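Heads up, the thing below is written out as structure tokens.
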Amino acid sequence: MDRTSPLPPSSVPKQQPMSESLPLPFLPDELVVEILSRLPVKSLLQFRCVCKSWMSLISDPYFMKKHLHLSSRCTHFTHHRIILSATTAEFHLKSCSLSSLFNNPSSTVCDDLNYPVKNKFRHDGIVGSCNGLLCFAIKGDCVLLWNPSIRVSKKSPPLGNNWRPGCFTAFGLGYDHVNEDYKVVAVFCDPSEYFIECKVKVYSMATNSWRKIQDLPHGFLPFQNSGKFVSGTLNWAANHSIGPSSFWVIVSLDLHKETYREVLPPDYEKEDCSTPSLGVLQGCLCMNYDYKKTHFVVWMMKDYGVRESWVKLVSIPYVPNPEDFSYSGPYYISENGKVLLMFEFDLILYDPRNNSFKYPKIESGKGWFDAEVYVETLVSPMKH
């Protein structure tokens with residue numbers, strides 16, 4: 001057959017009329033919600049432009065809660081990130097995917113974050129994170145609530161405390177699930193030669209205002225600046241002075257009832273360890289300390305408020321270092337037991353299964369002095 005001759009009519013594919021083309025598959029609304037609620041925030045922000053119904057769905061409070069629930073409980077930590085404050089002269093923040101840190105530590109990609117407050121030569125301290133919101137203390141007199149995933153922030157009014165040399169403020173961020181309100185607690189401590197006075201104010205995101213509550217119980221002085229949020233409470237490591245003696249204790253504030261209690265620590269090696277500090281892992285309160293300057297020991301309280309539920313989670317050996325630095329963190333622990341923490345100014349991954357260390361290489365990373373894990377959510381500090 002001549003190659004230039006037309007094909008026989010029988011072999012020419014017939015083009016279907018547009019009216020006979022296959023219809024687009026129909027997805028029930030319930031299935032659309034299930035699919036979208038499992039997607040990253042970055043995708044959802046783009047999908048708001050698809051149609052009015054998706055815009056309405058993604059902005060709906062029920063959908064936001066569902067997305068938060070699924071994201072925070074994802075076992076593969078695909079929605080979790082760590083924010084890092086650089087040791088540079090300018091206030092510089094980066095955000096890294098935890099999944100990338102754990103699974104590809106040799107080449108971890110980070111995003112530069114655009115901090116909402118333009119104060120590049122002053123370093124604001126990271127108070128904590130809760131449901132995707134990050135809290136920063138600004139000059140000890142007000143706080144910034146910021147969700148970097150949706151790039152929305154709100155600055156609180158000033159505290160208005162009568163500050164003088166020697167005073168300090170310990171903050172904490174948490175969620176009052178009964179009133180469905182995010183709260184920041186400010187413990188303003190004014191230690192004098194004769195007594196310790198710690199006045200407490202609570203900032204409500206719903207009312208955008210501070211109000212005074214009952215002072216911290218007499219004799220208690222927080223020495224850890226950031227309260228740790230667990231099971232509806234904020235917890236501070238503190239000294240409890242009784243006459244000439246002082247003891248390390250855990251002071252807890254119930255965010256709904258706004259009442260205090262003391263949480264008992266485990267039976268640990270007080271004589272051979274440094275002063276403990278608190279943290280949060282897997283939604284549980286943790287306590288950690290240096291043991292004989294050879295190991296960093298982490299305990300976890302599996303059932304909040306129950307002293308018998310404390311378990312020794314991991315004991316991390318120190319690598320020989322002439323500078324005598326301590327570990328800070330831990331910030332996260334994976335399902336297979338790998339622990340993310342910081343030593344000196346670098347992040348470290350410790351694997352207890354083979355007692356090995358890995359040092360994640362972060363793109364254009366210089367060294368870090370502050371860090372906090374947060375989950376990517378749609379929670380806005382502007383919405384009540």
Side-chain angles (χ1 to χ4, degrees), residues 82-95 113-148 152-176 181-191 197-205 207-213 216 221-230 233-238 251 253 255 277-280 328-329 331 342 368-374 379 381-382:
I82 186 167
I83 188 170
L84 299 163
S85 181
T87 54
T88 53
E90 292 188 13
F91 190 44
H92 187 60
L93 297 170
K94 279 184 174 287
S95 174
L113 293 179
N114 187 18
Y115 187 60
V117 181
K118 305 306 176 188
N119 58 341
K120 62 181 182 178
F121 291 111
R122 188 184 75 241
H123 288 254
D124 294 339
I126 305 174
V127 172
S129 70
C130 181
N131 295 346
L133 290 179
L134 289 164
C135 180
F136 287 79
I138 302 175
K139 290 187 176 179
D141 192 50
C142 68
V143 296
L144 176 81
L145 291 175
W146 176 37
N147 184 336
V152 178
S153 65
K154 179 163 70 174
K155 197 174 171 182
S156 78
L159 272 162
N161 290 321
N162 295 319
W163 187 93
R164 63 183 182 83
C167 296
F168 67 94
T169 305
F171 291 97
L173 168 68
Y175 182 66
D176 176 356
D181 188 15
Y182 291 90
K183 293 179 176 180
V184 179
V185 177
V187 183
F188 179 71
C189 300
D190 186 358
E197 187 178 51
C198 291
K199 297 187 177 297
V200 184
K201 291 183 180 179
V202 174
Y203 168 79
S204 161
M205 195 175 85
T207 63
N208 191 34
S209 62
W210 294 97
R211 58 184 173 80
K212 192 178 183 306
I213 64 169
L216 208 66
L221 180 68
F223 58 79
Q224 191 171 3
N225 286 340
S226 298
K228 305 303 176 184
F229 178 65
V230 175
T233 68
L234 279 169
N235 301 265
W236 286 272
V251 179
L253 172 65
L255 281 178
S277 60
L278 300 179
V280 179
S328 58
Y331 300 106
M342 199 183 294
W368 323 104
F369 73 87
D370 211 355
E372 182 73 25
V373 169
Y374 68 99
V379 175
M382 301 303 292

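If you read the sequence from its start, that first residue is 1, and numbering goes on from there. Only this structure's heavy atoms are used, side chains among them; waters, hydrogens and symmetry mates stay out. Source: prediction; values computed, not measured.
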Problem set entry | Nearest non-hydrogen partners of Pro158 and Cys142, listed with the distance | CA-CB, 4.1 Å
Exercise. Roughly how far, to the nearest 0.5 Å, is the CG atom of Leu255 from the OG atom of Ser204?
Worked result: 11.0 Å
For this session: Would you indicate whether Lys155, at its atom NZ, is surrounded by more than 12 heavy atoms from other residues, nucleotides or ligands within a distance under 6.0 Å?
Result: no
Exercise. With a 4.5 Å limit on heavy-atom distance, are the side chains of Val184 and Trp210 in contact?
Worked result: yes
Problem set entry | Interatomic distance, Leu113 atom CG to His92 atom NE2 [nearest 0.5 angstrom] | 8.5 Å
For this session: Applying side-chain hydrogen bond (donor to acceptor under 3.5 Å, both in side chains), name anything that partners Asn131, two or more places apart in sequence or on another chain.
Result: Tyr182
For this session: Go through the steps to decide whether Cys198 and Leu221 satisfy the test side-chain contact (heavy atoms from CB on, under 4.5 Å), and finish with yes or no.
Result: CA-CA 7 Å; Cys198 291; Leu221 180 68; 4.0 Å; yes
Output side-chain donor-acceptor pairs under 3.5 Å for residues 168-175, partner residues at least two apart or in another chain, one line each.
none

Exercise. Quick one: are Pro148 and Leu134 in side-chain contact, heavy atoms under 4.5 Å?
Worked result: yes
Exercise. Mind checking whether Val152 and Pro381 have side chains closer than 4.5 Å, heavy atoms only?
Worked result: yes
Exercise. Distance from Tyr331 atom OH to Glu372 atom CD, nearest 0.5 Å?
Worked result: 8.5 Å
For this session: Would you check if the side chain of Trp146 reaches a backbone N or O of Tyr115 as a donor-acceptor pair within less than 3.5 Å?
Result: no
For this session: Calculate, to the nearest 0.5 Å, the distance between atoms NZ and CD1 belonging to Lys94 and Ile83 respectively.
Result: 12.0 Å
For this session: Under the side-chain contact (heavy atoms from CB on, under 4.5 Å) rule, what do Lys201 and Phe188 come out as? Steps first, then yes or no, please.
Result: CA-CA 8 Å; Lys201 291 183 180 179; Phe188 179 71; over 6 Å; no
Exercise. Looking only at heavy atoms, what is the nearest atom pair of Ser156 and Asn208, with distance?
Worked result: CA-OD1, 4.3 Å
Problem set entry | Audit row: Ile213, Leu253, side-chain contact (heavy atoms from CB on, under 4.5 Å) steps and yes/no | CA-CA 11 Å; Ile213 64 169; Leu253 172 65; 4.2 Å; yes
Problem set entry | Value rounded to 0.5 Å, distance of NZ in Lys183 from SG in Cys130 | 12.5 Å
Problem set entry | Worked verdict on Tyr374 versus Ser95 for side-chain contact (heavy atoms from CB on, under 4.5 Å) | CA-CA 10 Å; Tyr374 68 99; Ser95 174; 2.7 Å; yes
